[in-house]
Amino acid sequence: MQKHSTLFDNNLKNINLKNINSSWTLFIDRDGVVNEEKTDDYIYAWNEFRFYEGVKEAFRIFHKKFGVIVMVTNQRGVAKGLMKLKDLNSIHRNMVAEIEKTGGRIDKIYTCTDMESPLRKPNTGMGLQALKDFKAINLSKSIMVGNTLSDMKFGRNLGVKTNVFLPTTRKEVDINDPTIDLVFPDLISFAQAL
Ligand SMILES: [Mg+2]
């Protein structure tokens, strides 16, 4: 049986998204999910950060649905010396402020700024940090949303219930990849399915 008969046909999903409530956790990637990703480059400052359409509305829905919302983002531009940690932190402060202003929230942002590290996705380090920080996280009631197979591997390695793939930037990815459970065109489409 094909997992996806068409690109966004989630009829064979292993989860009823309507059952998601405050006992659930959302793990969410940043670039290519929340904001426009630069091709092979980093977002260096807040004035370069562009929310995708519908993202703030999506976070308003997530705020009502999920008990815990954590962002997990690889940002090795810092280790490469291309980007300053204080600029990354400033981007995140502004991003969270914008999301909160429009009725959403992110409980915590985990970043991996190293070249190679147990924290760097697809390794599980950032997820394990979140598990330590939020006792309410139950992996069997957790969803990972990302736009790369590395995000999907992170979800599998960590052991979340469901991996949601958004083919926003990686059109070449085979959406029948075994690490992908559900596919939505963008973040707001996923939020509206909850
Ligand atoms: Mg990404």
Side-chain angles (χ1 to χ4, degrees), residues 25-56 58-59 62 68-102 104-134 137 139 142-160 163-174 177 179-180 186-187 190:
T25 293
L26 179 65
F27 289 90
I28 187 166
D29 173 46
R30 195 193 87 181
D31 298 321
V33 171
V34 168
N35 59 284
E36 291 175 21
E37 188 175 64
K38 285 195 203 165
T39 309
D40 299 324
D41 202 0
Y42 301 95
I43 309 290
Y44 295 102
W46 174 240
N47 65 12
E48 297 180 337
F49 189 96
R50 303 274 177 273
F51 282 105
Y52 275 131
E53 211 177 312
V55 160
K56 291 178 193 174
F59 273 97
F62 297 152
V68 180
I69 302 168
V70 289
M71 180 172 275
V72 283
T73 176
N74 288 345
Q75 297 291 339
R76 69 175 166 190
V78 176
K80 288 181 181 172
L82 298 170
M83 193 165 63
K84 292 196 173 71
L85 186 58
K86 72 169 179 45
D87 293 330
L88 180 64
N89 290 335
S90 164
I91 289 168
H92 287 168
R93 266 196 311 277
N94 282 288
M95 176 185 71
V96 167
E98 281 290 312
I99 286 170
E100 288 180 350
K101 211 160 59 184
T102 46
R105 73 174 210 279
I106 298 176
D107 295 312
K108 192 158 180 176
I109 300 173
Y110 297 89
T111 57
C112 176
T113 56
D114 303 322
M115 289 298 290
E116 294 304 329
S117 154
L119 294 179
R120 185 172 168 80
K121 291 178 291 183
N123 299 316
T124 55
M126 291 191 282
L128 298 179
Q129 287 180 325
L131 279 167
K132 212 154 110 191
D133 292 341
F134 297 90
I137 296 178
L139 290 175
S142 293
I143 293 180
M144 171 66 195
V145 181
N147 68 318
T148 66
L149 284 180
S150 169
D151 293 318
M152 302 297 99
K153 283 188 198 120
F154 165 83
R156 281 288 186 270
N157 289 341
L158 187 62
V160 302
N163 278 333
V164 174
F165 182 75
L166 309 182
T168 51
T169 59
R170 310 293 160 95
K171 308 294 181 196
E172 74 282 7
V173 169
D174 175 9
D177 188 279
T179 62
I180 296 175
D186 50 28
L187 196 64
F190 164 62

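- With rounding to the nearest 0.5 angstrom, the CD atom of Glu98 is 12.5 Å from the CZ atom of Phe59.
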- Query: Could you walk me through whether Ile143 and Phe190 pass the side-chain contact (heavy atoms from CB on, under 4.5 Å) check?
  - Reply: CA-CA 11 Å; Ile143 293 180; Phe190 164 62; 4.1 Å; yes
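- Side-chain contact between Lys121 and Asp151 is present, with heavy atoms from C-beta onward closer than 4.5 Å.
- Looking at heavy atoms from C-beta onward, Met144 lies in side-chain contact with Asp29 at the 4.5 angstrom threshold.
- A pairwise comparison of heavy atoms in Tyr110 and Ala130 identifies OH-CA, 3.3 Å as the closest pair.
- Shortest non-hydrogen contact noted between Thr169 and Glu172 is O-OE1, 4.4 Å.
- Interatomic distance, NE2 of His92 versus OG1 of Thr111, reported as 7.0 Å (0.5 Å rounding).
- Residues Ile137 and Thr25 form a side-chain contact, since some pair of their non-hydrogen atoms from C-beta on lies under 4.5 Å apart.
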- Start with the C-alpha distance between Ile180 and Leu149, add both sets of side-chain angles, then the distance that settles side-chain contact (heavy atoms from CB on, under 4.5 Å), and finish with yes or no. CA-CA 8 Å; Ile180 296 175; Leu149 284 180; 4.0 Å; yes
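- Few gaps surround CD on Glu48; more than 12 heavy atoms of other groups in view lie less than 6.0 Å from it.
- At a threshold of 4.0 Å, the pair Glu37-Arg30 does not count as salt-bridged, since none of the basic side-chain nitrogens sits closer than that to a carboxylate oxygen.
- The line from NZ of Lys153 to OG1 of Thr179 is 7.0 Å long, rounded to the nearest 0.5 Å.
- Asp40 and Lys38 are not joined by a salt bridge, as no carboxylate oxygen comes within less than 4.0 angstrom of a charged side-chain nitrogen.
- Remark: side-chain polar atoms of Ser117 are not paired, donor with acceptor, to backbone N or O of Asp114 under 3.5 angstrom.
- For the pair Leu187/Phe62, a side-chain contact is recorded, criterion being any heavy-atom separation below 4.5 Å from C-beta on.
- At distances below 3.5 Å, at least one donor-acceptor pair connects side-chain atoms of Lys171 with backbone N or O atoms of Pro167.
- For the atom pair CZ (Arg120) and CE (Met115), the distance works out to 7.5 Å, reported to the nearest 0.5 Å.
- No side-chain donor-acceptor contact under 3.5 Å links Asn123 to the backbone of Leu119.
- With a 6.0 Å radius and a threshold of 12 heavy atoms from other residues, nucleotides or ligands, Lys84 has its NZ atom at or below the threshold.
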- Message: Test side-chain contact (heavy atoms from CB on, under 4.5 Å) on Val68 and Leu26; report intermediate values, then the result.
- Response: CA-CA 6 Å; Val68 180; Leu26 179 65; over 6 Å; no
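- Here the side chains of Arg76 and Met83 are not in contact, with every heavy-atom distance at 4.5 Å or above.
- For the residue pair Val72 and Phe154, the shortest heavy atom distance occurs at CG2-CE2, 4.0 Å.
- Phe165 places none of its side-chain heavy atoms less than 4.5 Å from the side chain of Asp177.
- Shortest non-hydrogen contact noted between Met126 and Cys112 is SD-N, 3.6 Å.
- With rounding to the nearest 0.5 angstrom, the OG atom of Ser90 is 8.5 Å from the CH2 atom of Trp46.
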- Message: Using side chain to side chain donor-acceptor pair (under 3.5 Å), reason through Asn157 and Thr124 one step at a time and then give a plain yes or no.
- Response: CA-CA 6 Å; Asn157 289 341; Thr124 55; over 6 Å; no
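- Contact of the Phe134 side chain with the Lys108 side chain is registered, since non-hydrogen atoms from C-beta on lie closer than 4.5 Å.
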- Trace of the side-chain contact (heavy atoms from CB on, under 4.5 Å) decision for Glu100 with Val96: CA-CA 6 Å; Glu100 288 180 350; Val96 167; 3.5 Å; yes
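- Side-chain contact between Val33 and Ile28: present, with at least one pair of heavy atoms (C-beta onward) separated by less than 4.5 Å.
- Side-chain atoms of Tyr42 and Asp31 include no donor-acceptor pair closer than 3.5 Å.
- To the nearest 0.5 Å, the span separating CG on Leu158 from CG on Leu128 amounts to 6.0 Å.
- Checked by atom type and distance alone, the side chain of Asn163 pairs as donor or acceptor with a backbone atom of Met152 at under 3.5 Å.
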